[in-house]
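In what follows, a single structure is set out as structure tokens and then discussed.
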Amino acid sequence: MKNKELKEEETTRANIRKRTIISFGVFFLLITLGILGWKWLNNQDQSDGVLKPLRTVLNANEKINNALVGTGHLVKEYPKSKAGNDVRVNGDVGMGDDFDAMHWKLTVNKHPETTSPDSVLHLTMDDVRKLPYKDLTFDFKCIEGWSQITNWGGTKFSDFLLHYHLGTHSGRDIDPNHPEDIYKYVGLMTPDSAYYVGIDMKSIMHPQTILAYEMNDSILPVNQGYPLRLIIPIKYGIKSIKRIGYIYFSDTRPKDYWFEHGYDYDAAL
Amino acid sequence: MALTEKKKIVKKHPLVIRWAHWVNFPVLGIMIWSGMMIYWANDIYRIGWGDKTLVKFFPDSFYSTLNLDGRLSDGMALHFLFMWFFFLNGFVYVLFTIISGEWRLLVPNRKSFKEAWQVLLHDLHIRKTEPPSSKYNAAQKIAYTSIIVMGFGSLLTGLSIYKPVQFGWLCAILGGYEWARIEHFVLTIGYVFFFLIHLVQVVIHGWNNFQAMVTGFEIKKVKSASPSEIKPAEEKPIN
């Protein structure tokens, strides 16, 4: 047998007794510490719907993820024929019946500090439709754990920002050579302000992030966010806000509905 | 006689292995518990065919009893904290077994699979003669090595459903997003079965065996004054 042999040792009863007591002493001490640690964790204050230490770790995980793998990867695209027709509807916050689609306009606030008339844009669907068209078929993933291949049409968010010279302090076009000029986050909100998301600029500039007004080559259904919704495949569906009413920019995290309910801010895939 | 009675101890489990073993116990427990909070939000798995369901994962009473329902965000937050402990603990364990050479006692060889069958027959009292065994018998080697491979599988399947875009290649290797989620779930069911069998075996093999996982050594009596007279062949196998 080439097996590693177990070592034997001759010793006295007293010595065995001593070692057993020490070992079990340490063992029970560790169990106690474990229980106290667990109780400590559960006695901490909440931070946006989750225990504070857990929030700290969620934020740290986000940093690690961004540093190690980033958000640059492309989502796998499928042929349009693979897209489901029976598209799952989830979530109705901000989708109240009192919505007046006829008078809908997209309100864009160019800068967080000011609401002066020349820093606010009011856009119609015709304005949005003039932008280059982009369609996308991908595996939409819900944070609940299900996924579905779906097809969406609209315009790239990056094209929208560049066309209207949005996303910078100076009002110039976004230029990667001047990162200090670029707002760190984009905030989006439903017309009734009931549902809202915040998204980091890198993810919003991702080539597969689109402002969608079509699903399966038809106008977006009401329960899918007519007239305009976000489709951001590199994040869970909670970030793909339906029925966008407001868009604004910020250097700090814009408020986010599900973040406030205990989820991580990033929701990155 | 009592005063001159000496005892021999057999050094069985190194400190690192004992620590890794006992740290893993609550950590894996919390991972499974929080994992079920996450699974609850899309609890579609079952065993059955057509409309016939033999086992549903899980009945509503199961969730409410264990306080698992409506806690997706809690589950995710806990899961994504304790995953680090699960990973680090497993990493330390594997690294230690490699460096110390302990892996020689753990990893099965070609004979192990035949011997494991003998162990099973022996445990079920069908076969009288005891199968060969060093620190671990063949069945234990297979079980304890499998559990490490499973842990590694949980890391990979977990990573691929945690970041399916960033690790799209991994997700694809595992058969896609939905398959990776199923694999992650099945591995967890595997842990539960491992745990139940492990528990039964620990109870059967008694206190001396159990306490060795705390103290590191097993005690054996020395009847003669000269310990060298005891041949290894007379030793009881240590399970």
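Reminder, nothing fancy here: chain letters follow the sequence lines and each chain counts from 1.
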State, with a plain yes or no, whether a side-chain heavy atom of N61(A) is found less than 4.5 Å away from one of Y162(B). yes
Can you tell if the side chain of T215(B) reaches within under 4.5 Å of the side chain of F27(A), non-hydrogen atoms only? no
Go through the atoms of F259(A) and report whether side chain, backbone, both or neither lie under 4.5 Å from a heavy atom of chain B. neither
With a 4.5 Å cut-off on heavy-atom pairs, point out which of A77(B), A172(B), G216(B) contacts chain A the most. A77(B)
Any idea which heavy atoms bring K7(B) and R13(A) closest together, and the distance? CE-NE, 4.1 Å
Less than 4.5 Å to any heavy atom of chain B: does that hold for the side chain of I16(A), its backbone, both, or neither? both
Non-hydrogen atoms of chain A under 4.5 Å away: do they reach the side chain of W40(B), the backbone, both or neither? neither
Quick one: what part of W38(A) sits under 4.5 Å from any heavy atom of chain B, side chain, backbone, both or neither? side chain
To the nearest 0.5 Å, what is the distance between OG1 (T56(A)) and CG (L81(B))? 10.0 Å
Nearest heavy-atom contact between G262(A) and S73(B) is O-CB, 3.6 Å
Flag the pair I64(A) / W84(B) as yes when at least one side-chain heavy-atom distance between them is below 4.5 Å, and no otherwise. yes
Heaviest contributor of heavy-atom pairs below 4.5 Å to chain A, chosen from G168(B), P26(B), P164(B), is P164(B)
Which heavy atom of N42(B) sits nearest a heavy atom of E144(A), and at what distance? CB-O, 3.1 Å
So which part of P233(A) gets closer than 4.5 Å to some heavy atom of chain B, the side chain, the backbone, both or neither? backbone
Could you give the distance from CH2 (W169(B)) to NE2 (H73(A)), rounded to the nearest 0.5 Å? 9.5 Å
Close side-chain approach of L58(A) to F80(B), heavy-atom, < 4.5 Å: yes
Would you check if E178(B) and S147(A) make a side-chain contact, meaning some heavy-atom pair closer than 4.5 Å? yes
Okay, F25(B) and chain A: the region with an atom under 4.5 Å from a heavy atom over there is neither
Segment of I31(A) engaging chain B (4.5 angstrom heavy-atom cut-off): neither
Can you tell which part of M213(B) gets under 4.5 Å to a heavy atom of chain A, answering side chain, backbone, both or neither? neither
Please answer whether the main-chain N or O of K8(B) pairs with a side-chain N or O of E9(A) as donor and acceptor at a distance below 3.5 Å. no
